[in-house]
Colleague: 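Handing you this structure, nothing more for now.
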Amino acid sequence: MHETLTVELGSRTYPIYIGNDTFSHENFLTQHIKGKQVFIVSNATVAKLYMPALLKVLNTVYQADTYLIPDGEQYKTLETYSRVIDELMRKRHNRSTTLIALGGGVIGDITGFVAATYQRGVGFLQIPTTLLAQVDSSVGGKTGVNHPDGKNMIGAFYQPSSVFIDVDALRSLPEREFSAGLAEVVKYGVIWDAGFFSWLEGNMQALLAKDRSALVTAIKMSCKIKALIVSEDEREEGVRAILNFGHTFGHALERMTRYTQFLHGEAVSIGMVMAADLSRRLGWLSCDDVSRLENLLEAGGLPTKFGQPINTTEMLSSMGMDKKVVDGKLRLVLAKTLGSAQIVESVDSQMLRDALISNV
Ligand code: NAD
Ligand code: GLY
């Protein structure tokens, strides 16, 4: 059984399928493949779990080639991108080939960027296997690789032609990675849907237990909200920026700890609490709202405090380096209520410092 959502983008509209039997329905996957060639990009960790089933479906119908890249964010580079292109050339993939990303956000981002640029754009399907990829990176068309001086600095907007989400793939995901994905799920409740936030409060244990029906609901709600926002503002010229709630703080925390201490979702979790605290100082959220957010994140196995003294000057300068800075102004996404967000162009710097210091 699959639930289907649609990302409405005119001629580039595409479906997101959410269920638990992605690999066993041949037609289901193949109806979205136009040519005779497919090229599956993955890594060894994911491939050993899910590639055999995928190849079983695809091998008989297509020239199905695979390419494994090393596992890790440090390989999300132009060099890896270039190796994938080399392999496509070597295996003579033509303009009607379809690239399939099988893995987490790293695989999805690189594969999407290759798909956007190989022969000026070829078919692209996403099979996300981390919670973060299922609720965030596989939807919305941001693709790319890192530059040594900054994350995601090279890339393109390139939408997939469909996204296949198999919730059972989350059973093999390490707990810490699963919780990191939950941070993005909670984010959707805060920025868009108070009812979903309350639902998460009542269902966090079911999600941690990988209850299928709870997972389908949480992923469907998350993708629905992301799809709505992306349909309205594909290129992040306006409302899409609210998807960065907690991220300007989180990115700064990741940078300050040299990307060694926190997974992205963990840093975003602490960042969301900082953003919520700032929202409270502006009179938007109540103390009770901020506590509810902290409790929900903690129930999801996430950190809510930095856990060490914070150098606010370093943190503010690190936040200023974030690429969400427009024309030198620090734009922050804050919560107007639990369930709605607002982009704020200028924030009192003492208030911001106070919000940082009180959340270490
Ligand atoms: P990841 O891709 O590194 O995956 C995390 C780990 O889980 C890896 O070791 C991976 O091999 C492993 N893994 C994946 N699926 C598994 C499974 N089912 N079972 C067991 N292990 C599994 O990390 P991520 O958190 O998925 O993605 C992070 C990346 O996503 C970052 O590069 C970030 O910039 C990007 N991102 C992109 C967008 C976007 O809109 N394009 C949004 C958010 C994040
Ligand atoms: N991850 C934020 C976005 O896709 O816009």
Side-chain angles (χ1 to χ4, degrees), residues 7 22-23 41-51 53 68-77 80 101-113 116 124 126-147 150-160 163 165-185 187-188 191 210 222-223 225-248 250-251 254 259 262-268 323-324 333:
V7 184
T22 301
F23 304 114
V41 182
S42 192
N43 65 32
T45 315
V46 179
K48 78 166 185 282
L49 295 162
Y50 304 109
M51 190 70 92
L68 303 190
I69 64 180
D71 190 353
E73 179 75 28
Q74 69 272 35
Y75 299 105
K76 195 175 132 180
T77 59
T80 306
L102 174 69
V106 169
I107 297 291
D109 281 12
I110 298 180
T111 310
F113 188 42
F124 174 40
Q126 289 262 22
I127 307 183
T129 60
T130 63
L131 182 58
L132 179 131
Q134 296 188 346
V135 298
D136 189 359
S137 62
S138 66
V139 175
K142 284 187 180 176
T143 73
V145 296
N146 300 329
H147 182 273
K151 276 191 73 172
N152 300 322
M153 283 294 152
I154 306 154
F157 283 96
Y158 195 68
Q159 302 293 342
V163 180
I165 296 175
D166 193 316
V167 297
D168 283 357
L170 300 174
R171 291 176 188 273
S172 56
L173 192 66
E175 293 300 325
R176 200 175 158 200
E177 294 286 351
F178 183 79
S179 287
L182 283 174
E184 302 291 349
V185 175
K187 175 193 78 180
Y188 291 114
I191 64 169
K210 313 278 161 55
S222 301
C223 289
I225 294 167
K226 181 151 186 185
L228 269 171
I229 293 172
V230 168
S231 298
E232 212 170 296
D233 176 27
E234 185 181 11
R235 295 196 160 237
E236 198 170 314
E237 286 153 353
V239 68
R240 185 165 178 168
I242 69 170
L243 292 170
N244 298 316
F245 178 70
H247 284 57
T248 302
H251 285 151
E254 285 183 278
Y259 298 95
F262 301 113
L263 295 178
H264 173 67
E266 294 171 339
V268 166
K323 70 175 162 25
K324 274 91 201 172
V333 183

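Numbering of ligands and ligand atoms starts at 1, following listing order.
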Colleague: For ligand 1, note which part of Leu49 has a heavy atom under 4.0 Å away: side chain, backbone, both or neither.
Modeller: side chain
Colleague: Heavy atoms only, cut-off 4.0 Å: how does Asn146 contact ligand 1, side chain, backbone, both, or neither?
Modeller: neither
Colleague: How far is atom 23 (O) of ligand 1 from its nearest protein heavy atom, and which residue and atom name does that atom have?
Modeller: Gly105 N, 4.2 Å
Colleague: Counting only nitrogen or oxygen atoms and a 3.5 angstrom limit, does Thr130 reach ligand 1?
Modeller: yes
Colleague: Testing Lys151, Glu254, Glu73 for side-chain hydrogen bond (donor to acceptor under 3.5 Å, both in side chains) with His264, which one passes?
Modeller: Glu254
Colleague: What is the closest protein heavy atom to atom 22 (C) of ligand 1, and at what distance does it sit?
Modeller: Leu173 CD1, 3.6 Å
Colleague: Out of curiosity, is Lys226 lining ligand 1, as in a heavy atom under 4.0 Å away?
Modeller: yes
Colleague: Tell me whether Lys226 reaches ligand 2 (any heavy atom closer than 4.0 angstrom to a ligand atom).
Modeller: yes
Colleague: For atom 5 (O) of ligand 2, what is the closest protein heavy atom, and at what distance to 0.1 Å?
Modeller: Arg240 NE, 2.7 Å
Colleague: Is it the case that ligand 1 has an N or O less than 3.5 angstrom from some N or O of Ala169?
Modeller: yes
Colleague: Pull out every atom of ligand 2 sitting under 4.0 Å from any heavy atom of Glu236, numbered as shown with elements.
Modeller: 5 (O)
Colleague: Look only at interatomic distance and state if His264 has a nitrogen or oxygen under 3.5 Å from any nitrogen or oxygen of ligand 1.
Modeller: no
Colleague: Say whether Val106, considering both its backbone and side-chain N or O atoms, lies within less than 3.5 Å of an N or O atom on ligand 1.
Modeller: yes
Colleague: Does ligand 1 come near enough to Asp71 that some N or O of the ligand is less than 3.5 Å from an N or O of the residue?
Modeller: yes
Colleague: Could you list which atoms of ligand 1 come closer than 4.0 Å to a heavy atom of Glu177?
Modeller: 5 (C), 6 (C)
Colleague: Just to be sure I read this right, does ligand 1 sit under 4.0 Å from the backbone of Val46, its side chain, both, or neither, counting only heavy atoms?
Modeller: side chain
Colleague: Just to be sure I read this right, does ligand 2 sit under 4.0 Å from the backbone of Asp136, its side chain, both, or neither, counting only heavy atoms?
Modeller: side chain
Colleague: So which of Lys142, His247, Arg235 gets nearest to atom 2 (C) of ligand 2, if we judge by its closest heavy atom?
Modeller: Lys142
Colleague: Does only the side chain of Leu263 get under 4.0 Å from ligand 1, or the backbone, or both, or neither? Count heavy atoms.
Modeller: neither
Colleague: Does the structure place the NZ or CZ of Lys210 under 6.0 Å from the centre of the six-membered ring of Phe178, at an angle of no more than 45° from the ring's axis?
Modeller: yes
Colleague: When you compare ligand 1 with Leu170, is there at least one nitrogen or oxygen pair between them that comes in under 3.5 angstrom?
Modeller: no
Colleague: Return the closest protein heavy atom for atom 32 (O) of ligand 1 as residue, atom name and distance.
Modeller: Glu73 OE1, 2.6 Å
Colleague: What do you reckon, does Lys151 put a non-hydrogen atom under 4.0 Å from ligand 1?
Modeller: yes
